[in-house]
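Just below is one structure, and these are the notes that go with it.
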There are 2 protein chains.
Amino acid sequence: MDVDTRLLRYFRTVAEEGNLSRAAERLFVSQPALTKQIRQLEDRLGTRLFTRSKHGMALTGPGEALAAAVPAVLDAWDGARRAVRAAEAEASQVLRVSFLASAANEKTQPIIADFRERRPGWRVELRQASWGDPIAALVSGEVDAAFLRLPFPRQDEFASLALLTEPRCVAMAAGHPLARRESLRFADLLDEPFVAAPDAAGAFRDHWVAADARGGREVRVGAVTEHPDDWLTAIANGDGIALAPVSAARYYARPDIAYRDLDGVEPSTVALVWPKRHPLPAPLADFIAAARTHAD
Amino acid sequence: MDVDTRLLRYFRTVAEEGNLSRAAERLFVSQPALTKQIRQLEDRLGTRLFTRSKHGMALTGPGEALAAAVPAVLDAWDGARRAVRAAEAEASQVLRVSFLASAANEKTQPIIADFRERRPGWRVELRQASWGDPIAALVSGEVDAAFLRLPFPRQDEFASLALLTEPRCVAMAAGHPLARRESLRFADLLDEPFVAAPDAAGAFRDHWVAADARGGREVRVGAVTEHPDDWLTAIANGDGIALAPVSAARYYARPDIAYRDLDGVEPSTVALVWPKRHPLPAPLADFIAAARTHAD
DNA sequence: GACATCCATAACCTCAGGTTATAGATACAG
DNA sequence: CTGTATCTATAACCTGAGGTTATGGATGTC
C-alpha cells in the first residue's frame, strides 16, 4: 500500500487536535475533506485509527501505533529532500537565501562577498520571502537560510544569528498631519490606523504594530498587506501608518512617504536564520561563519 | 512539499533500471505515465534527478542523493504499517494467515489449535492467497504469515519453516487415456499439454510444470489459471494435465478428475512463511513455535 | 426543549494519474 | 548513408481522486 505524506500530516494533525473541525482549520481544508481522507486511510490500512464521539476523535491502539511511527516517515522524507537540496547546491554551487524587505541592509553584500571568498566558484541566490509566511521556504527546504527580522513565526524551531539592530521609526503618507513633526512618541500613534501583516503572522505582526506597547489596547487596522510593494502603496495612500526600521528611509525612499523618528518602541533586529540541524551542510556553515564576522 | 510513496517507488525503479521503458514494465504502468511522474517529481523538488539520453536515464548528483535516501522513507512507512498491524492484531486478538490450495493439509488445524492453547482468546483468520502473486498479502502486511508451497516468488526475502513434504502425482480428466494406468512416469507426460500458473509466477510455475525434469524442453501449456477452482475446471475439461501434491486427491476429489501416482518428479514441500524481521511480534512467534512442534 | 458542536454523507467540480497514439532524437547495422 | 530499433517526450483523452458547499444525524449542555 502506498501513502501520500499529505495524508500522514492530516492524520498527525487530527491525532494532535483530537477534533476534525479544528484539525481541518489548521490544515486549511474543509472538515468533510478531512473526514473523507481519514476514513480512506483507515480503509486502506484495514483498521480503525480513531473512535468517534461528540467529544471528537480519540486514537485507538492501532492509531497510537501509527501516531508513534508517522514522525519517522515524515522525518525520513524531510531528510531525503534536504539531501537532494544539499547535493543540488553542491552541483550548482548556489546557496539559496530568502529575505524580507531590505534583508540585512548594508551588511548583506559584505556577507555574500565574504562567503564567496570562503567558497570560490559559489554564489548566493537571494529570494524574496512571503510576509504572510516568512519561513515557508525554509520549512519546505527551498532555501538554505533566510535574513529575517525578529520575531518570526515558529522562531524556536530555527537557529538564528543576530546581525544588526536598528531603531524603528514610523512611516506615513507625506501629506499626513503628523508628517510635519520631526520626531514622535509611540503614545502619539495609539489611535492611528495601521498597515499590518495578516493575523496568521502571529508574533511577527504583533511586533510590527508594537502590541506590547499598547497597554492592552487593540490596534486599529487600516489595511492588511503581504508584500513590501503593497505595504508601501497602502502607506502612501494614507490607508494607515506603519512601524518600520530606520533603514526603510534609505531602502524605500519615496516622495509620497515620510519617515519620522520614533520613541517608545523596541528596536528591530535582523538575523540570519537557518534550520536547527546537525550537521549543517558545509556551504551553509561557511555562510553562517561569514555572517558572524559581520554581525554587530 | 508532500510526496506519495508510489512516486518514490517509481523513482527507485527507474534509478535501478536506468531505463524508463523497462521500469514502466516492472511497475505495470505505461512509459508515458512514468516519464510524466518522474518529471513531476523533478519539478517539485526543483532539480534534475536524471540525465536523459538514448541509452536511458542516468542519475545526477541530487538523483543519487535521493536514491540513497528513499529506502529510509519507504522502510519507515513499511515499519509504520507493521506497527499498525501488530497493534491491531493485539487489539482484535486475530492472527491473519494466507494460504494456497489445501494450506498445510491435515496439519493446519492442529497448528491452529496449538496456537490457541498458547494464546487463549486469540484466533487465526485464514485467507486465500492469489496464485499469481502468492506473497502479495505478506508483502503488503495484510497478513502475518502464509502457508505456501516451495518454491514461491522472492523466496529468499522471507523466512520459512518446512512443515511437510509429500510426493507429487498427476491430475487429469477422468476420461483421459492415461487415466487407465495406476501409475505413470514423468517421461510419459513430456508431450502432454499442462494447466499452468501465469508466467509472472516464475520459479513457482516452473516447479509445477517440473521444468527441471524436462531436459530443456519447453512445456506445452494447455491453459493458464490463477485460482484452484479454475485449475480444477481446466483439468476436468481436458484442457491439460497438472502436477499436484498427492493430498489433492483427498482435498480436491471430483468424479471428473483422476489422480495418478507419478515417478520422476521432486516432491512438494509446504512451509509456513513469514517476513524476515526482528523482533517478530510475540503472537506470530507463538504461531511459528506451534507450527514447529507439528513439522515433519 | 433549543441550540451548539461534533462527525458523516451527498452532490458537485476541477484536476491528477493513467491510457493510446505519435513525435523527435539517436545509435547501430547492413 | 539509410533504414530500423529503441529511447524519452508530448498530445489528446478518460476516469477517479481530492477538494468544495450544503446538509444531516447524534449528542451534550444550558
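All figures in this text were calculated on a predicted structure; none of them were measured in a lab. Below, chains carry the letters A, B, ... as their sequence lines are ordered, and counting in each starts from 1. Computed from heavy atoms alone, side chains included, the values below leave out hydrogens, waters and symmetry copies.
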TODO: Look at all strands and tell whether F50(A) reaches a base, only sugar-phosphate, or nothing, counting heavy atoms closer than 4.0 Å.
DONE: nothing
Open item on the list: Side chain of V29(B), heavy atoms from C-beta onward: which of dT8(D), dG18(C), dA8(C) has the nearest atom to it?
Closed with: dG18(C)
Task: N or O in side chain of R6(A) less than 4.0 angstrom from dG19(D) OP1/OP2 - done: yes
- [ ] Verify, without hydrogens or angle tests, whether W77(B) (side chain) and T5(A) (backbone) share a donor-acceptor contact under 3.5 angstrom.
- [x] no
TODO: Starting from the 5' end of DNA chain C, give me the residue, S21(A) or K54(B), whose nearest nucleotide shows up first.
DONE: S21(A)
Task: Lys NZ or Arg CZ of R44(B) over F11(B) ring: under 6.0 Å, within 45° - done: no
- [ ] Among the candidates dG19(D), dG18(C), dA11(D), find the nucleotide nearest to the side-chain atoms of P32(B).
- [x] dA11(D)
Open item on the list: For the backbone of L45(A) and the side chain of R81(B), can you confirm whether one donor and one acceptor N or O come within less than 3.5 Å of each other?
Closed with: no
Task: Phosphate-side-chain proximity, S30(A) and dG19(D), N/O vs OP1/OP2 below 4.0 Å - done: no
TODO: Would you kindly give the NZ-to-P distance between K36(A) and dT9(C), to the nearest whole Å?
DONE: 11 Å
- [ ] Is it possible for you to check whether R6(A) lies under 6.0 Å from the centre of the six-membered ring of Y10(A), through NZ or CZ, and within 45° of that ring's axis?
- [x] yes
TODO: Measure from the side chain of A33(B), starting at C-beta and using heavy atoms only, and say which of dT20(D), dT9(C), dT19(C) lies closest.
DONE: dT19(C)
TODO: Using only side-chain N and O atoms of Q40(A), determine if any of them is under 4.0 Å from OP1 or OP2 of dA17(D).
DONE: no
